[in-house]
Every structure is written in structure tokens, then in C-alpha cells.
Amino acid sequence: MSVTYSDVEAASKRIAGVVHRTPVVTSRRIDEQAGAEIFFKCENLQRAGAFKIRGAFNTLAQLTPEQRDAGVVAFSSGNHAQAVALAARILGISATIVMPHDSPASKLAATKEYGAAVVSYDRYTEDRAAIAAELARTRGLTLVPPFDHPSVIAGQGTAAKELLEDVPDLDAVFVPLGGGGLLSGTALSVRHLAPTARIYGVEPEAGDDGAQSFRSGSIVTIPTPQTIADGAATTALGQHTFAIIRELATDVLTASDAELGSAVRLLAVNTKMVVEPTGTLGLAAALRLARGELAGRRIGVMLSGGNVDLDRFAELLTSQGRLT
Ligand SMILES: *Cc1c(COP(=O)(O)O)cnc(C)c1O
């Protein structure tokens, strides 16, 4: 494998003092409803509002002086963009971000506030990777991929490392799944620190390429899925992430938009936290398995991000499960 747990340990040292060690939160009322003990790793409280600063900072901190001077480029539907923009600002590197023109307004605004230049594109007709590659070639920028890069994966793995250091005896860990940076990094940490714990990736029902890939043994590509989980609306796993997920994960599950809406409300009511729909994918699937094979077990759930427009959040709180 291109990344190992020792890379996660190295990333952990590199990000210390810059990236928050986020809290682990529990809720007695959620546990009662779920019929299991759930430990939430709160990356919704992370800098820039999601775990992505872990991988972005770990990657940017390893650039050569020449690469730093030239600057970086990234493509993202939101949280990776903000993370690269913030990591670049902290390290004094200039950043250009390729973002869909229909990204949530809060994500576009935050990326610009961090001082990055934004290039927008149409995510249903244009190829963001090609646009970023062209910018990299013509301007000498270093491309920071959102998930399929060894140092991004190692950085994302630090969240699960912290979770297991705080709560060592988990029976299962659930994380949201888009391109698989978070799941592959998590898998490296969980397999090392809690070798028998189950590891689940959870993706939106509308885009189950990860589940198809996991089962078939080769990467399946789908059209861009329409889902409220905008942070996981990816079309395929990466080469690096797939190899790790295939070897180390227990299974890849899905959650519907209605389940995500319920999970957003459950967290708001019982923990008072704002978690974006994508960030609740793990919880949605954990609640389902807690009604069966994981009843009474100790379950780690990654709340991967909290970036949601306030009017969108209000809609989710009042929609009572009707979400289209
Ligand atoms: C990016 C993102 C994901 C998916 O992460 P991958 O590494 O692409 O699988 C999940 N949740 C949030 C909040 C994200 O920003």
C-alpha cells in the first residue's frame, strides 16, 4: 500500500498545534434511541468546519520551497477548497481553487475570505480535474487533490487516530465516504489501534459507486449524483483510496437523503451541534446497524463537517423527513 499507519503518525506530528484536536461528544438520549453507545468525533468543530484541513495542511507542509513560491491549485465542491485555502494562508502560499458555480454560498464566501483566487465551472458539463490540471501546467502550480494522494490520506487518518486514543475500545467506526480519503485514512488508524473493530464507509444512496466498487473489486464510475450530501457527491473512488478501502474496510453502506435529514435533526436537538448533511452519513448508517447486529455495541461515528448555509439548515430542521 502507498500509505501506512506510520505516515498517519508523521502527519499527526506535522499538524499538531495548527489543526484542532476536536472533542469526542456523547449523548445519553441518542444512545437510548439508538440502543448502542455512540461516540461522535466532532470534525464539524474543526478549523474551516471539516476534517479536510488535516490532509491539506499535511500535504502543503511537505512542499519544497520552489513549490511553495509557485503556489497551489485545488478543485473541490467546498470543504477541500476551504481547507487548502486556509492551509495555504497559514503557510504563506498562494492558492487557486476550482469550484462548482453552484457551491453553497457559505463555502464560496469562506474560500474567498481565506484569500484564495476562485475559478468557477459547471459541475454537470465541465471537467474540474482538467481545468485544474491546465492551471497547474500553465502557471506551474502544484495540484492538491481532494482525496487520492498519500499525504492527503495520511492527514485524514489523524482524526480516527485521535478518536481511538480517546476511546480505545470501539467495536465499530462509521465514516462518510466520498472519494475515500477519510475512509482510507481512518482504516489505516483503526486497523492499527483497534484491529478487530469494524470499519464502515457510508455514501449517499443516490451515488453508491463506492459500494459497487467495494463489492466488484474494481473502481466503478457513476454520473454526478443528486443528493443533499454535497460533500460526498463524487463519481468514483481514487486508485490509492480504493486499494486501502478494499483491503481494510469491513463494508461500504449507503444512507438516503431522508435519513440524513433525520440525523441532522437528531444531532441538533440532542447535542446542539450544526452538522452538514454529508457529515451525518456515518450516523445514519450506524443507527440502522444499531437496531440489528451492532445492538448494545460501542460505536465511533465521524461527524465529518459542519458547513451548511443557515437557511438550508433551517429547512432541514423543519422538513420532517420530506426533503426533495
Ligand atoms: C470531503 C468530505 C467528505 C468525503 O471525504 P472523502 O475523503 O472524499 O471520502 C465527507 N464529509 C465531509 C463533510 C467532507 O467535506
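For ligands, and for the atoms within them, numbers begin at 1 and follow the listed sequence.
If you check which protein heavy atom lies closest to atom 12 (C) of ligand 1, you get Ser304 OG, 3.3 Å. Closest to atom 8 (O) of ligand 1 among all protein heavy atoms lies Gly179 N, 2.9 Å. Counting only heavy atoms of the protein, atom 5 (O) of ligand 1 lies nearest to Phe51 CZ, 3.4 Å.
Annotation: Asn79 places an N or O atom under 3.5 Å from an N or O atom of ligand 1; distance criterion only. Considering backbone and side-chain N/O atoms, Gly231 never comes within less than 3.5 Å of an N/O atom of ligand 1. Backbone and side-chain nitrogen or oxygen atoms of Lys52 are examined, and one is located within less than 3.5 angstrom of a nitrogen or oxygen of ligand 1.
Summarising the contacts of atom 6 (P) of ligand 1 with Ala81, Gly180, Pro146, the nearest heavy atom is found in Gly180.
For Glu276, the heavy-atom gap to ligand 1 drops under 4.0 angstrom.
The CD1 atom of Ile228 sits 6.0 Å away from the CZ atom of Arg312 when rounded to the nearest 0.5 Å.
Atom CZ of Arg297 has 12 or fewer neighbouring heavy atoms from other residues, nucleotides or ligands inside a 6.0 Å radius.
In summary, the atoms of ligand 1 found under 4.0 Å from a heavy atom of Thr278, numbered by their order in the structure, are 10 (C), 11 (N), 12 (C). Listed by number with element, the atoms of ligand 1 under 4.0 Å from a non-hydrogen atom of Pro176 are 10 (C). Close approach of ligand 1 to Gly305 is summarised as follows: ligand atoms under 4.0 Å from at least one heavy atom of the residue are 13 (C). Each of the following atoms of ligand 1 lies closer than 4.0 Å to a heavy atom of Gly181: 6 (P), 7 (O), 9 (O).
In the model, Thr22 has a side-chain atom that pairs as donor or acceptor with a side-chain atom of Glu43 under 3.5 Å. In this structure, a donor-acceptor pair under 3.5 Å is absent between the side chains of Asn58 and Ser151.
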Report task. Using the side chain to side chain donor-acceptor pair (under 3.5 Å) rule, take Thr227 and Asp257 through it: C-alpha gap first, then chi angles, then the decisive distance, then the call. Result -> CA-CA 7 Å; Thr227 168; Asp257 281 4; 2.8 Å; yes
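At a threshold of 4.0 Å, the pair Glu165-Arg21 counts as salt-bridged, since one of the basic side-chain nitrogens sits closer than that to a carboxylate oxygen. Under 4.0 Å is where a charged nitrogen must lie from a carboxylate oxygen, and between Arg198 and Glu293 at least one such pair does.
Gln46 places a side-chain N or O within 3.5 Å of a backbone atom of His20 that can act as its donor or acceptor partner.
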